[in-house]
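The first residue of the sequence shown is numbered 1, and numbering continues consecutively from there. Note that the coordinates shown come from a computational prediction; the quantities given were computed from them, not determined experimentally.
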Amino acid sequence: IPLTNFKVQIANGSKVPGSAGELTTALQGRGFIVQPATNASEITPKQTQTVVYFIPGSEVAAARVAAESAGASLLLVEAQATTPAPSRSP
């Protein structure tokens with residue numbers, strides 16, 4: 001699947017400042033179309049692994065994003081809605 005067929009948005013749920021921006025920049029450098037990085041909402045518990053959320057039918061694109069996140073602990077989760085995870089501006 002061509003990288004220009006989908007967009008990626010990274011939400012920082014780790015509470016580590018700048019981590020979403022770093023991954024966003026790295027993926028953009030590899031040719032992915034990215035949305036601005038964001039932070040998970042204050043009510044989101046601290047995340048300890050990378051999770052790729054996707055809508056039904058986007059399994060191949062999600063797997064491609066997961067494969068590019070080398071070294072991360074990954075879990076592909078099929079999102080129940082087509083809206084992004086709750087977030088707040090950085």
Side-chain angles (χ1 to χ4, degrees):
I1 184 170
L3 297 180
T4 56
N5 283 8
F6 60 94
K7 295 179 183 176
V8 177
Q9 183 173 37
I10 308 300
N12 182 357
S14 70
K15 313 289 189 207
V16 175
S19 62
E22 290 175 13
L23 183 53
T24 297
T25 299
L27 290 175
Q28 186 175 32
R30 294 180 191 136
F32 286 85
I33 304 299
V34 297
Q35 301 286 34
T38 188
N39 291 312
S41 72
E42 295 295 327
I43 62 170
T44 302
K46 180 180 177 180
Q47 302 298 302
T48 58
Q49 68 184 84
T50 300
V51 180
V52 177
Y53 293 93
F54 60 92
I55 58 174
S58 299
E59 293 82 357
V60 173
R64 186 96 186 255
V65 173
E68 291 292 328
S69 301
S73 177
L74 299 170
L75 173 65
L76 296 179
V77 178
E78 188 168 342
Q80 298 301 310
T82 59
T83 56
S87 63
R88 67 174 179 83
S89 298

Of the non-hydrogen atoms in [X] and [Y], which two are nearest, and what is the gap between them?
X	Y	value
Ala20	Ala11	CB-C, 4.3 Å
Gly18	Asn12	N-ND2, 4.2 Å
Ser19	Ser14	OG-OG, 3.2 Å
Arg30	Leu3	O-CD1, 3.4 Å

Determine, using the 4.5 Å side-chain heavy-atom cutoff (strictly less than), whether Leu27 and Val60 are members of one ILVMFWY cluster. yes
Starting from Ile33, can I reach Ile1 by hopping between I/L/V/M/F/W/Y residues whose side chains sit under 4.5 Å apart? no
With no hydrogens and no angle check, is any side-chain donor or acceptor of Gln9 less than 3.5 Å from a backbone partner on Pro36? yes
Gln47 side-chain N/O to Pro45 backbone N/O, donor-acceptor pair under 3.5 Å: yes
Apply side chain to side chain donor-acceptor pair (under 3.5 Å) to Thr25 and list each qualifying residue two or more places apart in sequence or on a separate chain. none
For atom NZ of Lys7, is the number of surrounding heavy atoms from other residues, nucleotides or ligands below 6.0 Å larger than 12? no
Quick one: CD on Glu59 to CZ on Arg64, what's the gap to the nearest 0.5 Å? 15.5 Å
Check step by step if side chain to side chain contact (heavy atoms under 4.5 Å, CB included) holds for Phe54 and Val65. CA-CA 10 Å; Phe54 60 92; Val65 173; over 6 Å; no
